[in-house]
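Here's the structure we're looking at; comments come further down.
Labels below follow one simple rule: chain letters A, B, ... track the order of the sequence lines, proteins then strands, and each chain is numbered from 1.
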Amino acid sequence: MGRGVTGLAPACLRASQLELFSPGAPGWPFGDFHALPGRRLCGRPLQIRQVARPGAGPEAAEGRGAGLSSLIMDPECSQLLPALCSVLADPRQPVTDDTCLEKLLDWFKTITEAGSSLLLLQENPCLLGLLCHVLKPQDLSPRVLAFSLRLAGMLAAQEDCFQYLQQGELLPRLFGEAGPLGGAAWTAPSVRSGWIQGLRSLAHHPSALCFLADCGAVDTIFSLQGDSSLFVASAAGQLLVHVLGLSLQGPAEGHPGLQTGDWPVCAQKIVSHIEESLRSAATPQITQALNVLTTTFGHCHNPWTQVLWVRLSPLVARLLEKDPVPAAHSLVDLLLSVARSPVLSSSSCGLWETLAQTLSHLSPTQAGPLALGILKLQECPQALRAQAFAVLLQPLTCVLEATAQAPGLLDSWDGTGGASVTVDTLLASKAACVGLLCRTLAHLELLQPLPQRPSPWPQAPLLGATVTILRLCSGSATPTSDAGGHLCAFLVGCVRVQRAALDFLGTLSRGTGPRELVTQVFAVLLEYLTSPDSSPTVLKKAFQATFRWLQSSPETPGCSDLDPHAQLFLRELLPVLPKRLCSPCWEVRDSGLEFLTQMIGRWGGQAGFRRALLASEVPELTEQLLRDPESYVRASAVAAMGQLSSQGLRVTPASPEHPGGQQKSLLAELLHILSTDSEGFPRRAVMHVFTQWLRDGHADVAADTERFVARVLQVASQDLDWEVRAQGLELALVFLEQTLGRPSSHCPYAVTPPVAAPPGPLAQALRPLCRVQLFEFAFRALFDCDRPVAQKSCDLLLFLRAQTASYSGPQGSGSVPEVASVEAALQRWQAGDQGQPLGYLEPEVVVAVLRSMDLEGLRGALAESSDRVEKSPQSLLQDMLATVGALGEDEADCY
Amino acid sequence: MPEIRVTPLGAGQDVGRSCILVSIGGKNVMLDCGMHMGFNDDRRFPDFSYITRNGRLTDFLDCVIISHFHLDHCGALPYFSEMVGYDGPIYMTHPTQAICPILLEDYRKIAVDKKGEANFFTSQMIKDCMKKVVAVHLHQTVQVDDELEIKAYYAGHVLGAAMFQIKVGSESVVYTGDYNMTPDRHLGAAWIDKCRPNLLITESTYATTIRDSKRCRERDFLKKVHEAVERGGKVLIPVFALGRAQELCILLETFWERMNLKAPIYFSTGLTEKANHYYKLFITWTNQKIRKTFVQRNMFEFKHIKAFDRAFADNPGPMVVFATPGMLHAGQSLQIFRKWAGNEKNMVIMPGYCVQGTVGHKILSGQRKLEMEGRQVLEVKMQVEYMSFSAHADAKGIMQLVGQAEPENVLLVHGEAKKMEFLKQKIEQEFRVSCYMPANGETVTLPTSPSIPVGISLGLLKREMAQGLLPDAKKPRLLHGTLIMKDSNFRLVSSEQALKELGLAEHQLRFTCRVHLHDPRKEQETAMRVYSHLKSVLKEHCVQHLPDGSVTVESILIQAAAHSEDPGTKVLLVSWTYQDEELGSHLTSLLKKGLPQAAS
């Protein structure tokens, strides 16, 4: 049932409620904080900055500095905050949108990072009131409780504020046993998560460490590592790493030789917990310990990490003695993290031996990521690299052997161990086989372009293996052994492996290969492009791989044409393309067109390619696809036709239905699409083509450039898609540059010749721009409801103004009434009125209007995102307050 | 122990962005990949790092399934596939595949236009993502791989919305996505067969609500529009490109026709043609009435609704305009709103939810003075109305669906914790099944007992038949045979056939036992005594005394031997096969009692 929501006043702004949280009012936990005795907490003297309460005398405000207050809190927000705190503390006022609470915390984070948290608390006592209030036993929403925990942690990150909160025993009540930790609210994962995040923010100074120890937080963090919520468990691990780092910040940093026995109690406790977990028989506990160590070594490169690794590495190595190796994935992550650490990898604690051992102990599937990680390392013993590469190559070797080909892959790489395990995995089941091959191909694909990839790189055997896999998948390979038969049965028609193999094949095009193998590559690609069984995703990848291989083909010496080998392939490929352009799947038609556009862009000027293309049906079919039912395809057809026409490859025979009649020009056809197509993609594509044509001086455009620009701008200005209008401005800019000269370089150090002003008076130079009504288009665009259009127009007009400044001749100010009428029209447009067109404008009027406008100011305003007002903290507070009571039972009504 | 595991990354005790991970029979599936429109940063997307932790995404996930085109169910898809790096298959229905990119493109443009976000997916990424989609038909069983299959069922809610059954072997999970159990103007009610899944994952947006009839809401809407137009006001209806807009268009079109109203109705951004195209294309997805009348009159060919031009907003007189976007946060709808807000004769009708930070949210919460750019204040004098047209099943509908599907367990998502709690109790009481409601990041694990099909050889069945027992479907029967596991298949065959097929030689396994008897006589005599005793006791069995002095009872062999240390004691060596296990143990216990005295 619909409801009117007019005239709703926020129910929460009653002053009586606010008193609850005012200093000195009943329930105020700390009394008058000026009267607080200086207590010693954790052996550190309490230091509170002398700051004033709101409303205190002007002398109290001294020392804050004039600008500080605004950094801390906007006065308007300060006014709204007490009401909001009342709402949050009231369980009868449910907070429906948790994104608001997140955004509120974002805002507090900005404030506390920029200024004093203590000042924030003192100027806004309602915050403290809220934190105290949430501790009362009540049916408070877990969201608000979690929010309060996070806020408290954020505030207590600054030591003086921490001490302040400690005086009221607020922090132990929030984070200790007496707080939510022991209550029913703890069952909500959001509360547990808030507790961890609060402590994570809080733990930034030594006093925080004492606090953690005193309130037994570390034990709770240990237990939360195994939490039922992934998010909580992960955050607990992160917090542990943070606490360990914090506790070792002072003592162990200065003394790298300090042994763990001499570490602070908190650090020792964490290390003992990790040791215990590593000794545990339960895999989840081992995983937790390994993850904590991975994060520690990944983020911290202090010398103490070396001491820690020396102590724990025997326990980690002992994991390899178990069969199967527990938490293998986490173990790999840890070892790689250690190997990447500059502190640890240089130490002599048997890291390389452990890595070698791990490689041989893990299953081929588990060892792959480790092998890749090792090969990515900048420095690593050669023997280990060889072993790692052998692990990666093993599955492909098995494929080659199974199809009775000379493997050759491992010739230069020692490490035949593990071959039988790999064969077993490959032949165990289809899922195992597919999984291992996909992973291997993906790992090799990542490795191939890296400078530290193994050398010599076995390009030829890898090509051979990939082609073989593709053939096994298509069913064209002939297995010669039992193993080959099994592989064939597993892989035939397997789209996953086809995709992975085609991706890798494309990457391999960066290297060369023996002629015979390259022939095989083209043959298998052609097979995939021709096969009716190829799925659309496989075809797309086959097109991509084909383009890459053609690109890498050597060019005929002495001319820039494709080598005869690739030419031959093209002759076979082009008859395949029409079939794909006629596919019932739009994905296939589109991929075909994208491929064609790339091909024309690369070889459109080369005779061999031109001949082959013109002899095929491709240009004709492409033109037909301008009327495809799918807008993506129409857009791709527009791009392809634009390229064909630019290269003079558009076929223009007389239409068979109208012999002797003239075929509609492509320009007219594209203009028709621009004015009538119901979807944005084709219209945007047309604008791209037109802009390119104008830039390149396309014959159809050059015949009458002014007419062309005028027509395009007229249509584009009416478009409902802002990207089309923005592209219209791009085209206008190109025309402007061609008429007035290029914009000067923005780089102050660039050596550029002085801009030569075109001869003739300014009026003459601007007249073509006036004739195509460029100014009306640009002025209207300046007040476009879509910001990028307005920005682009502003840039264009600023450029124009700069250009006109350098013109010779009399710079007339135009007739005053005309200028005034244009300015009035601009004001109307700014107010949102569409109004009448301006009609033809005299150049002098344009110049005068341009000079009178505050374009720089407008550019500044446009640079800010247009939702900055709604995004402001004030807007957020207003929204949260206004929502109270406004939404009823169906507020979760999302879509 | 086989199990099904479910972890929501989104929609766990909230209505933000749906994204649920399901592990079933060793396969991993992601159900929906939604975006939260309330955030402007990475928090709008689910935290996929929890999946990438398990290695490469494409290796870990077997497929992604999208239930429908709403952005809270599909908005993160281009980010997931083109920026995070998932390269596997994505399944959705044909209408969802067609409409999804339009909404994604709409949102992208707003994100780039309004917020100037550069790190957002591009048009090309949306297209590349959509190319990975495999479109499915209703009730079509799609084989994702050899073991994993999925099947779509009609869900109502919006055009193309579907519930999906995910099946591996005999284990199955049904995910409802958003659904509606009551038909509306253009869509039918959700339906699923009695598929008895191990788990039903259902949305629970209106877990505690019994909603009033949609007819009432429609009448109310038409009345308000009519009143505003009659008094010469302009009505703005901010909508998202496709979906609810079409439903409202049908409503107004029919009403205008019936009441013979002349005020113009406009629809912005050329979406009417597009909507017409899709609704014509996917006519089978609409309700029965629309399908029936389609031949005479296509409901989506509107006579009264015209394409909008920006200049029309300044025209005098009443009019109704549908404009995008739906939350009044950018573009045309906001521009028109600013123009019309100051006139109390005008009206804005918000037909859906608006996130915080949008003008739509502000006016819905009652704010009437809005600060705009440049510290300008816009006073909203126009009437503001909220009409909930969202099509979710209410508590009654959810219970109805649970009753239809008869699941073994239920898991609630896409709802608020408190409301879920109520529904959970209701489901557990009424259907006597376990009901779960995990929060985001929490994993629910359900042990399953998969039934494994076993083929029985004809020979074995014939032998069974030869024993004269006729098969009876109602009575289970014990059948002995050898279970062979070969080529991932299980077959029960006779032991002879098993030996033959596997090329194995037969080994005989015999149980042995030694029984000590106090008997000073010679071994042959002891054996004779044993024979006589057993002959008299085991009258139903064939007891023989063999020439070598040993005694047999069926397959049981008894030999007497002298004790090496005590000549007054004889040792009886008894051995038997497993077929005679019962008899063997009976016989040894008999011998252990000793031989009768009379025989001595």
Side-chain angles (χ1 to χ4, degrees), chain A residues 1-8 97-100 102 189-190 228-232 329 369 429-430 435 438-439 442 499 536-537 540 587 590-591 632 678-681 720 722-723 785-788 832-834 861 865-867 869-871 875-876 878-879 882-883 886 889-890 892-895, chain B residues 7 15 36 38-39 43 50 54-56 59 70 72 87 109 113-116 127 131-132 146 205 209 212 216-217 220-221 269-270 273-274 310-311 314 329 331-332 335 338-339 352-353 356-358 361-362 364-367 371-373 383-388 390 416 439-443:
Chain A
M1 180 131 165
R3 303 171 270 121
V5 286
T6 45
L8 185 92
D97 186 354
D98 54 354
T99 61
C100 291
E102 283 279 332
S190 57
S228 61
S229 163
L230 275 177
F231 301 157
V232 175
H329 190 79
S429 68
K430 181 174 175 172
C438 286
R439 281 184 182 91
R499 284 197 309 250
T537 47
K540 187 184 166 193
E587 296 91 334
D590 192 73
S591 298
Y632 278 137
S678 63
E679 301 208 32
F681 309 114
L720 290 166
W722 67 257
E723 280 175 290
C785 65
D786 290 299
R787 197 171 62 104
D833 274 353
Q834 295 303 308
S865 76
S866 58
D867 61 347
V869 177
E870 296 109 80
K871 234 168 47 180
S875 158
L876 173 67
Q878 280 169 345
D879 284 357
T883 313
E889 185 62 20
D890 293 344
D893 175 15
C894 43
Y895 296 101
Chain B
T7 313
V15 277
H36 201 312
F39 288 112
R43 282 175 290 183
Y50 292 91
N54 296 304
R56 284 177 71 242
D59 295 332
H70 279 153
D72 60 334
D87 197 27
K109 292 179 77 160
D113 164 8
K114 192 170 167 68
K115 296 161 190 151
K127 181 167 87 170
K131 282 187 178 177
K132 292 176 184 168
D146 289 353
T205 318
T209 317
D212 57 353
C216 293
R217 275 177 275 154
D220 204 23
F221 167 75
T269 66
E273 300 91 1
K274 204 182 304 180
R310 278 187 291 174
D314 297 324
H329 52 302
Q332 207 141 67
Q335 199 182 34
R338 289 171 75 160
K339 227 173 242 205
Y353 156 86
Q356 187 277 323
T358 59
H361 182 270
K362 284 180 188 295
L364 277 184
S365 61
Q367 298 181 57
E371 193 193 326
M372 308 307 275
E373 284 144 64
Q383 203 179 327
V384 178
E385 294 291 340
Y386 173 73
M387 297 267 165
S388 169
S390 71
E416 286 177 71
N440 286 331
E442 280 190 317
T443 302

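- For A:R439, the parts lying under 4.5 angstrom from a heavy atom of chain B are both the backbone and the side chain.
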- [ ] Could you walk me through whether A:T99 and B:H36 pass the side-chain contact (heavy atoms from CB on, under 4.5 Å) test, one step at a time?
- [x] CA-CA 9 Å; A:T99 61; B:H36 201 312; 3.2 Å; yes

Open item on the list: Apply side-chain contact (heavy atoms from CB on, under 4.5 Å) to residues B:Q332 and A:L720 and explain how you reach the verdict.
Closed with: CA-CA 9 Å; B:Q332 207 141 67; A:L720 290 166; 3.8 Å; yes

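- When all heavy atoms of A:D879 and B:G357 are compared, the pair lying nearest together is OD2-N, 3.3 Å.
- In this structure, chain A has heavy atoms under 4.5 Å from both the backbone and the side chain of B:D87.
- No side-chain heavy atom of A:T537 sits under 4.5 Å from any side-chain heavy atom of B:K131.
- No option in B:K362, B:Q367, B:H361, B:Q356 other than B:H361 meets the side chain to side chain contact (heavy atoms under 4.5 Å, CB included) test with A:T883.
- Residues B:E442 and A:P189 have side chains in contact (heavy-atom distance under 4.5 Å, counting atoms from C-beta outward).
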Task: side-chain contact (heavy atoms from CB on, under 4.5 Å) between B:T443 and A:S228, worked out - done: CA-CA 7 Å; B:T443 302; A:S228 61; over 6 Å; no

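- Within the model, atoms CZ of A:R499 and NZ of B:K132 stand 8.5 Å from one another, a figure rounded to the nearest 0.5 Å.
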TODO: Give the C-alpha distance, both sets of side-chain angles, the deciding distance and a yes or no for side-chain contact (heavy atoms from CB on, under 4.5 Å) between A:S875 and B:E371.
DONE: CA-CA 9 Å; A:S875 158; B:E371 193 193 326; over 6 Å; no

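- When heavy atoms are compared at a cutoff of 4.5 Å, A:C100 approaches chain B solely by way of its side chain, counted from C-beta outward.
- With a 4.5 Å cut-off on non-hydrogen atoms, A:S429 does not touch chain B at all.
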